[in-house]
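Whatever order the structure lists ligands and atoms in, that order sets their numbers, starting from 1.
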Amino acid sequence: MTVKDNVQLQPYNSFHTKALAKLFCEPQSVEELSEIVRAFPDEKKLVLGSGFNSFFTKEFDGLVIKPAIRGMHLLWETDQFVEIEAGAAEDWDQFVAYCVEQGYAGIENLSLIPSSVGASPVQNIGAYGTEAKDVITKVKTVSLQTGDYHEFSNAECQFGYRDSIFKQTGDYVITSVVFRLEKSFQYKEKYIDLSRELEGIPTPTLTQVREAIIRIRNRKLPDHRILPNAGSFFKNPFLTEEEKDQLQQKLPDVPIYNAGEGQFKTSAAFLIDKAGYKGKRHGMVGTYTHHSLIIVNYGTENGQEIVDFMHKVQQEVQKQFDILLEPEVRIY
Ligand code: EPU
């Protein structure tokens with residue numbers, strides 16, 4: 001069991017902001033993780049996955065746990081399905097690439113999302129009409145309260161839009177995730193941008209879909225290795241019918257999507273754009289020139305500067321359109 005003191009978290013968060021963790025560990029197995037949790041019952045605890053969706057504004061006075069549990073293996077298969085278990089520390093896109101190579105369908109639309117396998121259920125990562133919840137059958141965890149092992153079924157994960165029981169409670173460390181994927185693939189239209197990219201290909205293969213998504217993402221989204229960012233910074237807001245009508249009066253061309261049961265969803269990127277914040281920069285922080293939903297770090301090591309910029313975007317959108325954008329990124 002190795003627990004280090006005063007570890008710099010800068011390499012472990014997507015914005016590369018500076019902050020020290022009083023205690024830091026990278027457990028390699030479920031047993032080591034349980035042992036560490038039980039050895040520090042009174043410390044505050046924070047779980048870091050890939051760190052692609054988190055950043056720090058101050059020191060963390062407790063224990064940071066970054067699971068290092070790896071491995072991918074096939075649990076069972078039928079003619080139609082496979083179930084694969086992957087360790088929390090596996091890189092998400094490498095896992096997608098492996099599944100696509102094997103001809104396993106279900107997560108190809110989630111290509112190139114910067115994440116780890118363990119973070120995929122926390123955020124219920126999603127893109128191009130697919131969410132992690134569509135393919136997850138089981139999430140294996142260790143409780144931060146007791147160090148006990150606990151498995152969650154899909155229903156028990158309480159998945160929502162960029163949400164889950166793991167995000168809500170912060171009480172569990174995910175050690176591995178089980179995915180059910182299909183052995184045959186037929187492309188179904190779910191997202192207009194993707195269909196456009198696949199135009200001229202009558203029956204796209206899994207590999208062609210993955211490649212199309214990689215092309216779209218590379219065009220729109222900044223490379224986090226060059227311009228540190230955390231993907232979409234805000235969630236797309238949900239609206240009631242009344243809120244939707246009011247917004248359409250102010251912005252007749254605003255994209256509106258049906259979200260079921262009298263609920264609607266709109267595009268945060270569009271609102272930020274219309275508020276005049278696309279490609280806008282204050283000091284070392286700004287929105288990306290090609291996509292207003294992405295906040296990029298041009299060189300600060302101070303997370304508070306990112307929070308200050310976030311507040312400016314929120315205030316301007318609220319002032320103009322009466323909608324409060326909620327961050328999807330985790331700020332510590
Ligand atoms: N738009 C603008 N200005 C911009 C960019 C986009 O007005 O600068 C408008 C356009 O009308 C566009 C619409 O926003 O049609 C939607 O844009 P996009 O397809 O890029 O989707 P998004 O709503 O911005 C969401 C996810 C992304 C995911 C894409 C593709 C959230 C918070 N974000 O973004 O997820 O890749 O859809 O499915 O739901 C992430 O979570 O980190 C992430 C990148």
- State if R217 counts as touching ligand 1 under the rule of any non-hydrogen atom under 4.0 Å. yes

- Query: At a 4.0 Å cut-off, with the gap strictly under it, does some heavy atom of G129 reach an atom of ligand 1?
  - Reply: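 Checking ligand 1 against G129, which is what was asked, there is no heavy-atom contact under 4.0 Å.
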
To which protein heavy atom is [atom] closest, and what is the distance rounded to 0.1 Å?
atom: atom 16 (C) of ligand 1; answer: S267 OG, 4.2 Å
atom: atom 24 (O) of ligand 1; answer: H291 CE1, 3.0 Å
atom: atom 23 (O) of ligand 1; answer: N236 ND2, 2.9 Å
atom: atom 26 (C) of ligand 1; answer: R162 NH2, 3.4 Å
atom: atom 21 (O) of ligand 1; answer: Y191 OH, 3.4 Å
atom: atom 1 (N) of ligand 1; answer: A269 CB, 3.6 Å
atom: atom 38 (O) of ligand 1; answer: Y128 N, 2.6 Å
atom: atom 40 (C) of ligand 1; answer: S232 OG, 3.1 Å

- Message: Going by a strict under-4.0 Å cutoff (protein heavy atoms only), does atom 10 (C) of ligand 1 have a neighbour on the protein?
- Response: no

- Task: Could you check Q123, K235, K167 and say which one makes a side chain to side chain donor-acceptor pair (under 3.5 Å) with E328?
- Result: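 Looking at Q123, K235, K167, the match for E328 under the side chain to side chain donor-acceptor pair (under 3.5 Å) is Q123.
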
Could you tell me, atom by atom, which parts of ligand 1 come under 4.0 Å of a heavy atom of [X]?
X: A127; result: 28 (C), 36 (O), 38 (O)
X: L293; result: 24 (O)
X: F234; result: 32 (C)
X: K278; result: 3 (N), 4 (C), 8 (O)
X: G231; result: 42 (O)

- Message: Checking Y277 against S292 for the side-chain contact (heavy atoms from CB on, under 4.5 Å) test, could you report, in this order, the C-alpha distance in whole Å, the side-chain angles of both residues, the deciding distance, and whether it holds?
- Response: CA-CA 7 Å; Y277 261 83; S292 54; over 6 Å; no

- Query: Should we count NZ of K44 as having more than 12 external heavy atoms under 6.0 Å?
  - Reply: yes

- Item | Neighbour count above 12 (heavy atom, 6.0 Å) for K138 NZ | no

- Below 4.0 angstrom, N of the basic side chain to O of the carboxylate: do E43 and K22 qualify?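 Yes, this pair counts.
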
- Which side chain to side chain donor-acceptor pair (under 3.5 Å) pairs, counting each pair once, include a residue from residues 311-326, with sequence neighbours left out? E316-Q320

- Query: To which of F233, Y161, Y257 does the heavy atom nearest atom 32 (C) of ligand 1 belong?
  - Reply: Y161

- Among L194, I216, D273, I294, which residue places a heavy atom closest to atom 2 (C) of ligand 1?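 Considering heavy atoms of L194, I216, D273, I294, the nearest to atom 2 (C) of ligand 1 sits in D273.
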
- Sub-4.5 Å side-chain heavy-atom contact between L74 and W76: no

- For ligand 1, indicate whether the residue E328 contacts it via side chain, backbone, both or neither (heavy-atom separation under 4.0 Å).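 For E328, only side-chain atoms sit under 4.0 Å from ligand 1.
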
- Do the side-chain N and O atoms of S111 and Y128 include a donor-acceptor pair separated by under 3.5 angstrom? no

- Message: What I want to check is whether the side chains of Y149 and E151 have a donor and an acceptor closer together than 3.5 Å.
- Response: yes

- side chain to side chain contact (heavy atoms under 4.5 Å, CB included) against R215, all qualifying residues, sequence neighbours excluded: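 Checked R215 against side chain to side chain contact (heavy atoms under 4.5 Å, CB included); matches are E197, E211, A212, R219.
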
- Task: With Y104 as reference, evaluate I84, L206, V96, V135 under the side chain to side chain contact (heavy atoms under 4.5 Å, CB included) test and give the passing residue.
- Result: I84

